[in-house]
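Structure first, then comments.
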Amino acid sequence: MLNLPNTLAFLRILLAPIMFWVILNPDYFTQNGYHVSWNYYFAALIFVLASVTDFFDGYIAREWNQMTMLGAIIDPLADKMLTIAAFLGLMMVGEASAWAIYIIIIRELFITGIRTVAVSEGLDVKASWSGKVKTVVQMFAIGFLLMHWQFAQELLWLAVALTLYSGFEYLWGFRAALLGVKKA
């Protein structure tokens, strides 16, 4: 069902490759008379707009009772597409450690796969508090890296640590949900 929350998730999916292109093409801005910093500002603006849709799609889905199976699957995928596009772009232009990005991407893909299985099996394995904190720290790390702000690298590695921790916590919750189903 294509409702407003799902439309916002699809918008996030469309914004991800646009932001990726902007990160990888600073020459476009400089060749058109803009300082290279405008490239960073524009990429950050796209990222912030897309991130805001993440908040609103969840809020609207809950408040307007528009939660759907499509939304349960597409929302986390849209989140991952956005963060992976940002992190890959930043890695490709030399602003982020390849190891940090590898760890984040592998965890995100693995947990997204498990979440998809959980949803298809009717299991309720909600994002934990650590998962929400991880997402916020990842978003701040991306913003700081895009803007070349101080402590960007430290935030990136904090995001890696929280990504690993929340991944293990999610796996533990998934395991408990599976065992709960088998006991019934």
Side-chain angles (χ1 to χ4, degrees), residues 2 4-60 71 73-113 115 127 130-167:
L2 194 58
L4 181 57
N6 294 345
T7 301
L8 290 172
F10 281 116
L11 176 62
R12 203 159 52 257
I13 289 171
L14 292 174
L15 288 173
I18 295 169
M19 179 198 55
F20 184 69
W21 182 88
V22 170
I23 292 169
L24 294 181
N25 290 288
D27 293 346
Y28 175 81
F29 292 89
T30 57
Q31 290 172 357
N32 287 297
Y34 295 98
H35 189 271
V36 71
S37 61
W38 281 99
N39 171 265
Y40 312 133
Y41 301 148
F42 192 50
L45 175 65
I46 294 169
F47 182 74
V48 167
L49 290 173
S51 297
V52 168
T53 69
D54 183 28
F55 168 78
F56 281 110
D57 71 8
Y59 178 79
I60 292 168
I73 293 171
I74 200 73
D75 179 59
L77 288 175
D79 297 346
K80 301 318 169 223
M81 292 172 81
L82 179 65
T83 56
I84 288 172
F87 279 135
L88 279 178
L90 288 162
M91 182 190 73
M92 291 173 71
V93 297
E95 294 296 326
S97 161
W99 276 108
I101 303 314
Y102 174 76
I103 292 167
I104 289 171
I105 290 173
I106 292 301
R107 181 271 186 203
E108 297 296 354
L109 293 174
F110 184 70
I111 296 301
T112 298
R115 180 176 281 133
S130 68
K132 293 179 186 306
V133 171
K134 175 265 313 175
T135 299
V136 169
V137 173
Q138 281 184 355
M139 289 180 174
F140 272 100
I142 290 168
F144 272 57
L145 288 163
L146 284 170
M147 297 304 295
H148 297 91
W149 287 343
Q150 189 175 7
F151 304 117
Q153 296 301 319
E154 290 82 359
L155 268 174
L156 174 61
W157 286 104
L158 177 60
V160 169
L162 289 169
T163 297
L164 289 171
Y165 175 79
S166 68

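In this chain, residues are counted from 1 in sequence order.
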ring-ring contact (aromatic ring centres under 6.0 Å, His included) against Tyr40, all qualifying residues, sequence neighbours excluded: His148
Spacing of CG belonging to Leu15 relative to CG belonging to Leu49, to within rounding of 0.5 Å: 7.0 Å
About how many Å separate CG of Leu8 and CD1 of Ile13, when rounded to the nearest 0.5 Å? 11.5 Å
Pair Asn6-Asp57, side-chain contact (heavy atoms from CB on, under 4.5 Å): steps then yes or no: CA-CA 7 Å; Asn6 294 345; Asp57 71 8; over 6 Å; no
Quick one: which of Val137, Ile142, Ile104 gives a side-chain contact (heavy atoms from CB on, under 4.5 Å) with Leu156? Ile104
CZ of Phe47 to CG of Leu82, rounded to nearest 0.5 Å, is 5.0 Å
Under 3.5 Å donor-acceptor, Gln150 side chain and Phe144 backbone: no
Report, one line per pair, each donor and acceptor closer than 3.5 Å where one atom sits in a side chain of residues 83-93; sequence neighbours left out.
from  : atom 1 : to    : atom 2 : distance (Å)
Thr83 : OG1    : Asp79 : O      : 3.2
Thr83 : OG1    : Lys80 : O      : 3.3

How are the rings of Tyr59 and Phe56 set to each other: parallel, tilted or perpendicular (split at 30° and 60°)? perpendicular
Can you confirm whether Leu146 sits close enough to Glu95 that some side-chain heavy atom of one is under 4.5 Å from a side-chain heavy atom of the other? no
Measuring from atom CD1 of Ile60 to atom CG of Leu4, what distance do you get when rounded to the nearest 0.5 angstrom? 4.0 Å
Apply side-chain contact (heavy atoms from CB on, under 4.5 Å) to the pair Ser97 and Trp157, showing each step before the final yes or no. CA-CA 9 Å; Ser97 161; Trp157 286 104; 3.4 Å; yes
Inspect the contact between Glu108 and Arg115 and indicate whether a charged nitrogen and a carboxylate oxygen are less than 4.0 angstrom apart. no
For Leu164, is there any backbone N or O sitting under 3.5 Å from a side-chain donor or acceptor partner on Arg107? no
Note: Ala78 and Ala9 closest approach over all heavy atoms is CB-O, 3.4 Å
Review item, side-chain donor-acceptor pairs of residues 21-31, under 3.5 Å, at least two apart:
from  : atom 1 : to    : atom 2 : distance (Å)
Asn25 : ND2    : Trp21 : O      : 2.8
Thr30 : OG1    : Asp27 : O      : 3.1

Would you give the length of the straight line joining atom CD1 of Ile105 to atom OG1 of Thr112, rounded to the nearest 0.5 angstrom? 11.5 Å
So how far is it from Thr53 OG1 to Phe10 CZ, rounded to the nearest 0.5 Å? 12.5 Å
